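Only a predicted model underlies this, so the values are computations on that prediction, with no experimental measurement involved. Note on naming: letters A, B, ... go to the chains in the order of the sequence lines (proteins, then strands), and numbering restarts at 1 for each one.
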Protein chains: 2
Amino acid sequence: MPEENLLSLNLGALSAAERFEIIHDEIRRRICFLIYPPGSPLSETALASEFGVSRTPIRSVLAQLEAEGLIETHHGAATRVTYIEIQTLRDEYELRMNLAELAGSMGLLPATQNHISDLEDICEELTKFRKNPTSLGYAQINLRFHNVILGRVRNPSLRTLIDRMYFRTSRLWVEKIPHVDWDNEITNFINQVRLMAEMFKTNDDRGSGILQRHIIYTSLLRFVDYGDEEEVAPLKSSYRGSQA
Amino acid sequence: MPEENLLSLNLGALSAAERFEIIHDEIRRRICFLIYPPGSPLSETALASEFGVSRTPIRSVLAQLEAEGLIETHHGAATRVTYIEIQTLRDEYELRMNLAELAGSMGLLPATQNHISDLEDICEELTKFRKNPTSLGYAQINLRFHNVILGRVRNPSLRTLIDRMYFRTSRLWVEKIPHVDWDNEITNFINQVRLMAEMFKTNDDRGSGILQRHIIYTSLLRFVDYGDEEEVAPLKSSYRGSQA
DNA sequence: AGATATCGCGTTGTACACAAGAACGCCAAG
DNA sequence: CTTGGCGTTCTTGTGTACAACGCGATATCT
């Protein structure tokens, strides 16, 4: 259990901000990976005792997560992980797609060897992953890919926005994964990652952005194909790049 | 003093979330209008007694404002309103410009008569304002204009992002205003608002977005013309609209 | 039996006392 | 006079008890 590690780490003379970040990221991770699925209750006292702190810092973390739209608190009633309506989901995916393209258009940080080998690692892991695919494992790989992309976004504020939006929506398709054709899914993803690596090598920023836009679109399609709603109008492409 | 009103309102049986929003918006307003200029200290106990609550809800508001990038807290040292470096400022303006254009491209809510008369009100106020211009008054009118534009952004998440980014940067040019040629400034702004009203009437969403992008660019120019840094490279236009 | 009121329990929000930490002033040494 | 160390005093972070509130079970009335 990773909780024990966290507990001991927290006691180990960390600053308040570091503790906050660790607890925040851990709870966010659990929400993202559906360890806390939508609608499940979060007890402040339980989290407090688990992380070895009082309710106060936990409450501060939960307030932040509420501001990020991941949980909802009601006085007297339990704090719960948020659901999201299909319309909101489409809106947020549309925005994520446009932000991805925008990030490419505004210019990326130069691709380093680290970035490229990270992508190759992901490809390799995906290949091994094919033999024993799980929802959680796939979500973890997806997060790794997201972080690699995120690391190249030049504009700091945009980087934060893209990260926030990722966590607002990413947790939702994880529960759709059981209905997905694994072989097809993994093959597509590998191809996309390989293409992204090529674009990294050639520093094609706008191309990377447009590809990332398409990858997010692919993610959205899971809801269209297998989702609760059968009919989803294709999102119009808001921007068409026309510069060199 | 508006503080007295707030105090009595707070006691008046409001829910926790409402109190939070009132206090948050009030402190944010003071930061935005330079009542709390960058670098000035914020005392939790002072704010607590002013709003008639304990430190706990104040701390929750300040944590939110810190997440929004408006203040900085350090253990032991005073909480202070953040400064912003010129490079960060340029990055955030560039992002704001692109988000404005994006909002138009993604489609606006239909313009109502309310929107248009709001803009006409702003024009009228600007005309009267010409006789006795003040930094605070101009900042207030600018905020009103921002809110009118914001009200037409269709995508809820994008609306929130644009609002956040506005408050991150808007407070900074207010202190530059004393060096501005008022007559020229107001004339330009009136023309821009009138043109925006025309675009509202004809429901030219993309046009509105591009105009808003230009308005933000105009705001950025204040730093270039009168700012600390004499040389600022013109921001490249990331997107060029090419659709109908 | 069904519906409704009421009480108990658990939860979140608030207030306050205390701990941890940093800035400022003071004092002494060089 | 300058400078370095130190302590006071203020700040923010934490823990804890209590208040406000919602939900569910239970009992009672129709």
Side-chain angles (χ1 to χ4, degrees), chain A residues 6-27 31 36 38-83, chain B residues 6-27 31 36 38-83:
Chain A
L6 286 165
L7 199 150
S8 56
L9 276 174
N10 283 338
L11 298 178
L14 278 80
S15 78
E18 291 168 323
R19 260 195 305 244
F20 180 95
E21 190 180 352
I22 288 177
I23 297 175
H24 171 274
D25 288 359
E26 173 59 20
I27 297 178
I31 294 174
Y36 299 148
S40 66
L42 298 186
S43 166
E44 295 180 354
T45 56
L47 290 169
S49 68
E50 180 190 340
F51 287 98
V53 294
S54 79
R55 277 181 57 213
T56 308
I58 296 292
R59 280 182 60 75
S60 139
V61 168
L62 293 183
Q64 172 70 21
L65 290 170
E66 185 177 22
E68 295 171 11
L70 297 182
I71 63 176
E72 270 179 348
T73 64
H74 299 287
H75 189 181
T79 301
R80 292 181 182 280
V81 180
T82 51
Y83 291 98
Chain B
L6 286 165
L7 199 151
S8 57
L9 276 174
N10 283 340
L11 298 179
L14 278 79
S15 79
E18 291 169 322
R19 261 194 304 244
F20 180 95
E21 191 180 352
I22 287 177
I23 297 175
H24 171 273
D25 288 359
E26 172 59 21
I27 297 178
I31 294 173
Y36 299 148
S40 66
L42 299 187
S43 165
E44 294 179 354
T45 55
L47 290 169
S49 68
E50 180 190 340
F51 286 98
V53 294
S54 79
R55 276 180 56 212
T56 307
I58 296 291
R59 279 183 60 75
S60 136
V61 167
L62 293 184
Q64 172 70 21
L65 290 170
E66 185 179 21
E68 296 171 11
L70 298 182
I71 63 176
E72 271 179 348
T73 64
H74 299 288
H75 190 181
T79 300
R80 292 183 183 278
V81 179
T82 52
Y83 291 99

Once rounded to the nearest 0.5 Å, what's the spacing between atom [atom1] of [X] and atom [atom2] of [Y]?
{"X": "Leu42(A)", "Y": "Arg80(A)", "atom1": "CG", "atom2": "CZ", "answer": "9.0 Å"}
{"X": "Glu18(B)", "Y": "Ile23(B)", "atom1": "CD", "atom2": "CD1", "answer": "12.0 Å"}
{"X": "Leu47(A)", "Y": "Ile27(A)", "atom1": "CG", "atom2": "CD1", "answer": "4.5 Å"}

If you compare every side-chain N and O of Thr79(B) against the phosphate oxygens of dT12(D) (OP1, OP2), does one of them come in below 4.0 Å? yes
Going by side-chain contact (heavy atoms from CB on, under 4.5 Å), name the residues that satisfy it together with Thr56(A), two or more places apart in sequence or in a different chain.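 With sequence neighbours excluded, Thr56(A) shows a side-chain contact (heavy atoms from CB on, under 4.5 Å) to Ser54(A), given in chain and number order.
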Please list, chain by chain and in numerical order, all residues satisfying side-chain contact (heavy atoms from CB on, under 4.5 Å) with His74(A), sequence neighbours excluded. Glu72(A), Ala77(A)
Check: Leu65(A) and Leu62(A) side chains under 4.5 Å, non-hydrogen atoms: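 Of all side-chain heavy-atom pairs linking Leu65(A) with Leu62(A), at least one is under 4.5 Å.
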Apply side-chain hydrogen bond (donor to acceptor under 3.5 Å, both in side chains) to [X] and list each qualifying residue two or more places apart in sequence or on a separate chain.
{"X": "Ser60(B)", "answer": "none"}
{"X": "Thr79(A)", "answer": "none"}
{"X": "Glu21(B)", "answer": "none"}
{"X": "Gln64(B)", "answer": "Glu68(B)"}

Need two values: the first and the last nucleotide of DNA chain C, 5' to 3', having an atom under 4.0 Å from any heavy-atom of chain B. dG13(C) to dA22(C)
Nearest-Å distance for atom pair CZ/P, residues Phe51(A) and dG15(D):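 In whole Å, dG15(D) P lies 14 Å from Phe51(A) CZ.
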Specify the separation, in whole Å, of atom CD1 of Ile71(B) and atom C1' of dT12(D).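 Nearest whole value for this atom pair: 12 Å.
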5′-ward residue of the pair Ala77(A)/Ser15(A) relative to DNA chain D: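 Upstream on the strand: Ser15(A).
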Could you go over nucleotides 18-20 of chain D and give all protein N or O partners under 3.5 Å, atom names and distances?
from, atom 1, to, atom 2, distance (Å)
dA20(D), N3, His75(A), NE2, 3.0

Enumerate the residue pairs fulfilling salt bridge (Lys or Arg N to Asp or Glu O under 4.0 Å) with a member in residues 52-61 of chain B, sequence neighbours excluded, ordered by first and then second residue. Glu44(B)-Arg55(B), Glu44(B)-Arg59(B)
Shortest non-hydrogen separation from Phe51(A) to Ile58(A) and the atoms involved: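 Result for this residue pair: CD1-CD1, 4.1 Å.
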On a heavy-atom basis, which atom in Pro38(B) and which in Thr82(B) lie closest, and how many Å separate them? CB-O, 3.5 Å
Classify Thr56(B) by what it touches in the nucleic acid, base, sugar-phosphate, or nothing, heavy-atom distance under 4.0 Å. base
DNA chain C-proximal residues of residues 38-46 of chain B, any heavy atom under 4.0 Å: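 Within this stretch, nothing sits under 4.0 Å of the strand.
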Quick one, which residues of residues 57-67 of chain A touch DNA chain D with a heavy atom under 4.0 Å? Pro57(A)
